[in-house]
Amino acid sequence: MARSNDEIAALLQEYADLIAITGGEAYRARVYEKAARAIGGHHADVSTLDAKGLREIPGVGRSIAEKVTEYLRTGSIAAVDELRSRIPAGVRRLTAIPTLGPKKALALYEELGISSVEELVEAIHAERLRDLKGFGPRTEENILHGVDLLRSAGDRVLLDAATDLAEDILGHLSEVTGCRRCAYAGSLRRVRETIGDIDVLAAAERSGPLMDAFTRLPYVTEVIARGRTKTSIRTVQGLAVDLRVVPPDSWGAALQYFTGSKAHNVRTRELAVRAGLKLSEYGLFDAESGERIVSGTEEEVYERLGLPWIPPPLREDRGEIEAGLHGELPDLVRESDLRGDLHTHTDLTDGLAPLEEMVRAAAARGYAYYAITDHGPDLYMQQMTEERMLAQRERVRELDGRFGKGRRGMRLLHGVELNIGPDGDVDWPAEFLAGFDVCVASVHSHFNQSRDAQTRRLVRACENPHVHVIGHPTTRILGRRPPLDADLDEVFAACARTGTALEINAHPDRLDLRDEDILRARRHGVRFAVDSDAHAVPHLANLRYGVGTAQRGWLTKEDVINTWPETRLRRFLRKGG
DNA sequence: GCCGTTTTCGGCCCGACTGTTTTCAGTCG
């Protein structure tokens with residue numbers, strides 16, 4: 001399960017939201033928010049820290065340390081419970097709707113008694129918001145649009161939450177006597193960007209002990225169904241998890257079947273039928289005699305269908321069957337291929353950890369190189385200046401090669417995350433930009449420009465000779481913000497023409513570019529950078545989700561610039577110059 | 001509520017944008 005850091009961070013964030021909704025001091029809310037982020041991003045598990053250790057976390061003082069201790073001791077925080085009792089949980093849910101913040105949520109609750117998204121939608125349709133001060137027709141429109149966005153993510157959860165949960169479940173199940181193998185399958189194994197429910201598969205002669213252990217997991221709130229081969233539960237976060245137990249000799253066929261996708265399985269079963277075979281979760285059978293031919297491993301199943309083993313991220317019926325039949329499956333990029341991270345932050349801007357801590361953690365991940373890319377001055381809130389940037393550069397040069405393995409240690413690149421303005425301009429003039437080893441440039445505002453303007457803006461950023469990587473290219477945030485409306489093919493063409501890489505931002509609520517866009521960009525001959533955009537030490541590990549997304553986009557090592565040796569990377573960063 | 005070679009009190013990321021107003025509140029990054 002998630003570290004206690006994540007549970008506490010969620011609780012403190014909830015407290016901050018409740019303070020804001022109940023009209024508490026804005027500063028108090030902000031302090032709790034900051035502490036939530038700091039604890040969520042802290043490298044050490046807070047359950048192992050004493051009071052002194054807790055207070056060493058920036059933003060955590062006496063009061064918050066006490067609340068953390070209280071939670072670790074009792075499982076709850078009285079102050080949070082007190083505020084919860086005053087405001088229905090649904091009111092806080094309202095603030096998840098983009099453009100609807102704490103003030104509006106409270107007004108809706110106090111004036112109209114609205115405490116759920118459903119009631120809100122109903123009230124808008126009944127035109128009950130019209131008489132409310134501060135609510136006009138555009139507000140109604142924006143709220144309805146926000147609700148649509150929220151619902152487009154549906155009941156699905158982000159990849160990291162689902163992965164954490166699934167790995168915890170596997171940890172528990174693998175210790176059950178008689179469990180021969182277990183793994184997660186389904187969309188999680190295919191690394192889809194959001195997960196509707198988790199499919200866990202286990203192999204055992206007897207299913208009882210596994211089903212027992214499964215239903216007794218600490219976060220189970222409901223056992224939806226329980227049978228001999230399949231049991232379904234719901235967790236505290238509302239996620240449904242299915243456990244299927246199969247005989248060990250059916251493992252491969254079952255794993256293939258439950259990994260999907262449905263479309264991929266339809267294609268594989270068609271192949272089977274054409275070969276006079278029948279494919280099911282129990283194995284590959286001779287259609288006539290009913291005799292089982294293979295079922296032990298996925299490799300055997302695919303092989304008898306005339307296919308190489310197909311990596312799960314490709315199993316979407318997007319041409320992987322044809323590619324497999326012709327021996328043209330890509331040799332997908334792997335996490336171990338990555339030699340470094342090209343987009344990361346420190347506490348000089350909005351990151352949580354100091355430079356040295358981030359560098360040390362990066363070195364521990366075995367990187368050959370690592371770029372520090374704090375925000376430029378155009379994001380006003382970051383308070384960046386040339387002086388501060390140059391001071392950081394000096395420090396970066398001092399730390400260069402001091403950590404990591406190899407004769408030269410881990411090489412540090414001093415970079416920046418520039419802001420792409422409405423016209424495609426970036427923060428600093430060319431002379432100053434020339435001093436950076438790497439410039440990532442990203443859009444952070446003006447999301448509603450026309451399609452033409454948005455396209456021009458991104459193309460101009462690509463044409464800037466100092467911009468090497470376009471960060472989170474569509475700026476979408478899953479369930480919160482739609483992708484920019486731009487002619488992506490034109491942007492991709494500009495990237496290919498100018499030698500600008502596109503980022504695959506690995507943050508689980510971004511995953512931007514997304515898989516379909518990667519497939520399109522690849523056809524233009526674009527290069528990619530898979531980056532964590534880490535704002536804290538634990539975020540560095542998010543790279544795995546970026547790699548999964550890159551795999552879903554059929555990328556190989558060759559396509560991803562941060563798998564390249566440093567000299568080749570540096571050549572790319574000269575951008576044809 | 002946190003934090004400090006500007007401070008143990010008085011600050012606290014600060015500006016843009018939107019929609020509602022008629023001078024501003026709320027939300028966002």
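Chain A is the first sequence line, chain B the second, and so forth, proteins listed ahead of strands; every chain is numbered from 1.
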H472(A) side chain to D512(A) backbone, donor-acceptor under 3.5 Å: no

Test item: T344(A) side-chain N/O and A371(A) main-chain N/O as donor-acceptor pair under 3.5 Å: yes

Is [Y] close to [X] at the side-chain level, that is, under 4.5 Å between some pair of heavy atoms?
X       : Y       : result
V459(A) : E463(A) : yes
F528(A) : E503(A) : no
T346(A) : P354(A) : no
L418(A) : W428(A) : yes

Nucleic acid contacts - [range] versus DNA chain B, non-hydrogen atoms under 4.0 Å:
range                       : result
residues 419-426 of chain A : none
residues 13-23 of chain A   : none
residues 441-452 of chain A : H444(A), H446(A)
residues 64-99 of chain A   : I64(A), P98(A), T99(A)

Roughly, in whole Å, what's the span from [atom1] in [X] to [atom2] in [N]?
X       : N       : atom1 : atom2 : result
R55(A)  : dG1(B)  : CZ    : P     : 13 Å
Y32(A)  : dC3(B)  : OH    : P     : 12 Å
K103(A) : dT20(B) : NZ    : P     : 18 Å
L379(A) : dC28(B) : CG    : C1'   : 11 Å
I39(A)  : dG1(B)  : CD1   : C1'   : 13 Å
K133(A) : dC24(B) : NZ    : P     : 12 Å
D509(A) : dC28(B) : CG    : C1'   : 15 Å
R130(A) : dG19(B) : CZ    : C1'   : 14 Å

Please report the distance separating the [atom1] of [N] from the corresponding atom of [M], rounded so that it comes out in whole Å.
N       : M       : atom1 : value
dT20(B) : dG15(B) : P     : 26 Å
dC12(B) : dT6(B)  : P     : 15 Å
dG11(B) : dT18(B) : C1'   : 29 Å
dC13(B) : dG29(B) : C1'   : 10 Å
dC2(B)  : dT8(B)  : C1'   : 12 Å
dC14(B) : dC9(B)  : P     : 24 Å
dT5(B)  : dG1(B)  : C1'   : 23 Å

Identified pairing partner of dC24(B), criterion: Watson-Crick or G-U wobble below 3.5 Å: dG19(B)

Phosphate-side-chain proximity, N142(A) and dG19(B), N/O vs OP1/OP2 below 4.0 Å: yes

Side-chain N or O of T139(A) closer than 4.0 Å to phosphate OP1/OP2 of dT20(B): yes

Upstream residue (5' side of DNA chain B) when G136(A) and K104(A) are each assigned their closest nucleotide: G136(A)

Aromatic plane relationship, H535(A) with H375(A) - under 30° parallel, 30 to 60° tilted, over 60° perpendicular: tilted

Output every pair passing salt bridge (charged side-chain N to carboxylate O under 4.0 Å, His left out) with a member in [range], not counting sequence neighbours, ordered by first then second residue.
range                       : value
residues 41-63 of chain A   : K52(A)-E56(A), R62(A)-E66(A)
residues 476-490 of chain A : E193(A)-R476(A), R451(A)-D485(A), D489(A)-R520(A)
residues 421-433 of chain A : D425(A)-R460(A)

Pairing residues for R402(A) by the side chain to side chain contact (heavy atoms under 4.5 Å, CB included) criterion, not counting sequence neighbours: L399(A)

Residues that R393(A) engages under side chain to side chain donor-acceptor pair (under 3.5 Å), provided they are two or more places apart: H414(A)

Contacts of E82(A) that satisfy side chain to side chain donor-acceptor pair (under 3.5 Å) - sequence neighbours left out: none

Polar contact flag, side-chain donor to acceptor under 3.5 angstrom, Y32(A)-K67(A): yes

Stepwise ring pair (Phe, Tyr, Trp, His ring centres under 6.0 Å) test for H507(A) and H343(A): CA-CA 11 Å; H507(A) 200 289; H343(A) 181 179; over 10 Å; no

Select base, sugar-phosphate, or nothing to describe what [X] touches, counting heavy atoms under 4.0 Å on all strands.
X       : value
R481(A) : sugar-phosphate
D350(A) : nothing
L100(A) : sugar-phosphate

Under 4.0 Å protein heavy-atom contact, by nucleotide of nucleotides 6-15 of chain B - B base, S sugar-phosphate only: ------BBSS

Straight-line distance of Q13(A) CD to D17(A) CG, nearest 0.5 Å: 4.5 Å

Side-chain donor-acceptor pairs under 3.5 Å in residues 356-363 of chain A, sequence neighbours left out?
| from | atom 1 | to | atom 2 | distance (Å) |
| --- | --- | --- | --- | --- |
| E356(A) | OE1 | R395(A) | NH2 | 3.0 |
| E356(A) | OE2 | R360(A) | NH2 | 3.0 |

Side-chain ion pair, R151(A) and D148(A), N-O less than 4.0 Å: no

